[in-house]
> 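Before I ask anything, let me first share the structure, which is written out below as C-alpha cells.
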Number of protein chains: 2
Amino acid sequence: MALELDQAASPSLTHDIVRWISQEYHDMNGSSIQTLESPPTAAEFAQLVHISRPVVIKGFQIPALKRWTDDYLQTKLQDQLISVAITPNGQADAIAAGPGGRLFFVEPFIEKVSMGKLLEQLNAAERNSDNLSASYLQSQNGNMYSSSFFESPNDNSSEFGALRGDVPSNIPWVTEALGRNPDAVNLWIGNSKSITSIHSDPYENIYTVIRGSKHFTLLPPCEGWCLQERMYPHAVYGHTDNSNCLSVIPSSDTPQVRWSSVINPDLPGSLPSEAHPLHVTLEAGDTLYLPVGWWHYVQQSGPTTIALNWWYDAEVRGMNWIWLSLLRGSGDVPSGNDETDTR
Amino acid sequence: MALELDQAASPSLTHDIVRWISQEYHDMNGSSIQTLESPPTAAEFAQLVHISRPVVIKGFQIPALKRWTDDYLQTKLQDQLISVAITPNGQADAIAAGPGGRLFFVEPFIEKVSMGKLLEQLNAAERNSDNLSASYLQSQNGNMYSSSFFESPNDNSSEFGALRGDVPSNIPWVTEALGRNPDAVNLWIGNSKSITSIHSDPYENIYTVIRGSKHFTLLPPCEGWCLQERMYPHAVYGHTDNSNCLSVIPSSDTPQVRWSSVINPDLPGSLPSEAHPLHVTLEAGDTLYLPVGWWHYVQQSGPTTIALNWWYDAEVRGMNWIWLSLLRGSGDVPSGNDETDTR
C-alpha cells in the first residue's frame, strides 16, 4: 500500500489552474515514453529524475533474469514460508463492495505458503478461469531488502533471503544519482489475474520485469484530479465461516483511506477527456523508471509474471515535494459512499 | 538584460496559495546555503540542479584566476575596443526616473573603450567618489563565448577572443549533468559602484569571481511575489547635449518592460515580512551555482571586481518550467507609474 504525502495543511489549487497545468504539461511534454537501449550513467539518470518522466531502460542485467526458473526458485526456497496476498479477484489494496453494498478500501488476506505451493496456485489459476481466489505475492514491505537491511546489512529477516544472490541490493547508477540507498526492494509474483489499482507512491521507482509482461497505464502527477480520489472505510479480506470464500471484513480501528474511485482507467469513459494516460508494456528484461508521484495502474500477462522493484526515497529538498503536495491538495476529499444511503 | 519566461497564457495563483508555497518552501529548506569544498561530480551537480538551491563551490580552478592582472589584461587585449555600460549611478538595466519624474526601465549608454581605458576609469572612480558616471563591463551577450561559438567553434566575433585561453568554454561537470553546452559565457568587470538590480534569469547559472568580492541577495522563485513587478516604459541613457551628463532618453518603439519595483532589497522595509532573502558573498576563487528562476541583486567590492559566468539553458521538459511560469503568472501586472499623474 502506498505511503501518503503529508497533506496536513496544503491548500487546493482552483480547477482552472489545475486544468491549465495539465494542458500545459501535455503540450510541452507530449505522450511519448523514451526508451534507452542501455542503462544510463549516474549523471544521465539524475537528469531523468529532474525531468521526472517515465523511461523504459533496456539491458539492465541482473542474475535473476537468467536463473529464475520455477525449479530454481523452489530449490532455493525449499519450505520457507512466504506471505502471499489472497483476494477473490486479484485486486489487493483496492476498492470493493462490502457489507450492505458499501464501498471499502480492502487489503488482502495474507496466507503463508511455500514457493512451490504459490507457483502451483498461479499455474493452476491460469488453466482454470473460475477460481474463487487469486494469489499475488506483492508484500511491498521490502520483502527482498528493507531499510533495516541498509542500516545493518547482516539483517536476514527477509522471507527471500535465499534469493538475495540474484538481486542486487541497490542499482549503482540510481544510488549515485540520488545519493542514497533504496528504501525497499520488492519481489512481485503473480499471474494475469493480478491487478494493481491506480495509485501513486512517494518514491522514485525502478521496476524490472523478470518473467512475463507487465502493462502500465500511467498519468502524470498533475492529472491526479482526473482520478476522483475519495475517502473509503478500511477493510480486509477474510474467512467469516468455514468456507473457502473470502468476505470483506470492515476494520474497526483503522482510519479511512484516500484512494482513487477509478477502478479501471482503461475502461472507456473512466477518465475525463482532459486526461492523457500513457500506456507502456514491459517484457522480461525491461526496466521502467517510474518517477515519484506518477499514477500507475498495473496489469500483467504470461503464466507467471515476476518482477522486482527498487524504491528510493524521493528528494524532499527544493520545490518538487511541495508541488506534489499542492497537486494532491488536502481539500475536502468527499466520501466514496453516499453517506445518506441507509441500506 | 534577462530573458523572460513565456507568460502568454499562464493563470495567476491566488495570494493564499502563493503565501502558503513561500512558507512551506522556507519551512522545508531553511535559509542556509551549502558550501562544497571542491567541484561536484556531474551526478552530484545534476542532483543539485534537481534541488535547485544556490550552492557555493570552492576550488573551481581556471587559468584566469592566476593570470588576470591589470597588466596581463591590457597586454593581451591591446587596442581592442570593448563595449562598456555607462550609467550615472552604476545601475545598468534598472529602474530610474526620467522626463517628468516618470519611472523607466533604463538600459545603459554603451561606450567602446580599450581595456587599459576601462581599468583606468574603474581605478579612478574608486579613488574619487563624486564621479558623474560609472563604467561597468556587463554586456551579457556571451561576450566570451556566445551560442554561435558552440555552433561553429571558429567563431571569433568576441571582443575578448584574446582571453579565451584563460576561460574554458564549458564546465565539464555542468555540461555532463545538463547534457548540453552553455548558451553564453560572460565576462563582468566593475567596481564598488556597479550594482545589478534584482531580477531572475531563465538559465542555470555558474558564477565565478576572479578578483574582488561579489555580494548576492537571493530570493527563491516562489518569493517573486515579494518583489512587486511592474510594467515600465523603456529608455536608454544618452547624451542630449554636449555635456558629459547622461540623461534618461525614452525609447519610441520598444515595448514596456516588466521589472521589480524594489530598487534595493537590502534596505529595511523594502520587502514584506514574508520574504526570506539569503545573503552570500563570493571571494576570488569562489563559484556560485545560481539555479534557474532565483532572484538576485548583486553588489561588489574591491578596487576592480572581475567575474565570469556560464549560462546554461534550463530544462524545459517535465514540470519545473511550468511551475516557474505559474509562479511568475501572466496576471495583470500594473504600471510602475501612476498613470493618472499628469506631471
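The chains referred to below are lettered A, B, ... by the order of the sequence lines, with proteins before strands, and numbering in each begins at 1.
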> Taking side chain as C-beta onward, heavy atoms only, is M319(A) less than 4.5 Å from C222(B)?
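Yes, close enough: below the 4.5 Å cut-off.
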
> For chain B, which residues from residues 171-179 of chain A have at least one heavy atom closer than 4.5 Å to it?
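When heavy atoms of chain B are the reference, residues 171-179 of chain A contributes E176(A), A177(A), L178(A), G179(A) within the under-4.5 Å range.
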
> Do L13(B) and L13(A) make a side-chain contact, defined as non-hydrogen atoms from C-beta onward lying under 4.5 Å apart?
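Answer yes - side chains close enough.
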
> Quick one: are W20(A) and I322(B) in side-chain contact, heavy atoms under 4.5 Å?
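In short, these two side chains touch, coming nearer than 4.5 Å.
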
> Would you give the length of the straight line joining atom OG1 of T14(A) to atom CD1 of I17(B), rounded to the nearest 0.5 angstrom?
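So the gap between those two atoms works out to 7.5 Å.
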
> Please give me the minimum heavy-atom distance between V49(A) and H50(B), naming the atom from each residue.
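Smallest heavy-atom distance, with atoms named: O-CE1, 3.6 Å.
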
> Below 4.5 Å, heavy-atom pairs only: which of A43(B), A42(B), G30(B), A46(B) has the largest tally toward chain A?
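It is A43(B).
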
> Taking all non-hydrogen atoms of both residues into account, name the closest pair between M28(B) and V316(A) and its distance.
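Smallest interatomic distance, heavy atoms only, reads CE-O, 3.5 Å.
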
> Tell me, for L327(B) versus chain A, whether the close heavy atoms (under 4.5 Å) come from the side chain, the backbone, both or neither.
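It is the side chain, since no backbone atom gets that close.
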
> Can you tell which of W323(B), Y25(B), F45(B) has the highest number of heavy-atom pairs within less than 4.5 Å of chain A?
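With the most close heavy-atom pairs to chain A, the winner is W323(B).
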
> Drop me the distance from S12(B)'s OG to D16(A)'s CG, to the nearest 0.5 angstrom.
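Going from OG on S12(B) over to CG on D16(A), the span is 11.5 Å.
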
> Measure from the side-chain N and O atoms of N29(B) to the backbone N and O of R317(A), and report whether any donor-acceptor pair falls under 3.5 Å.
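Looks like no, no N/O pair under 3.5 Å.
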
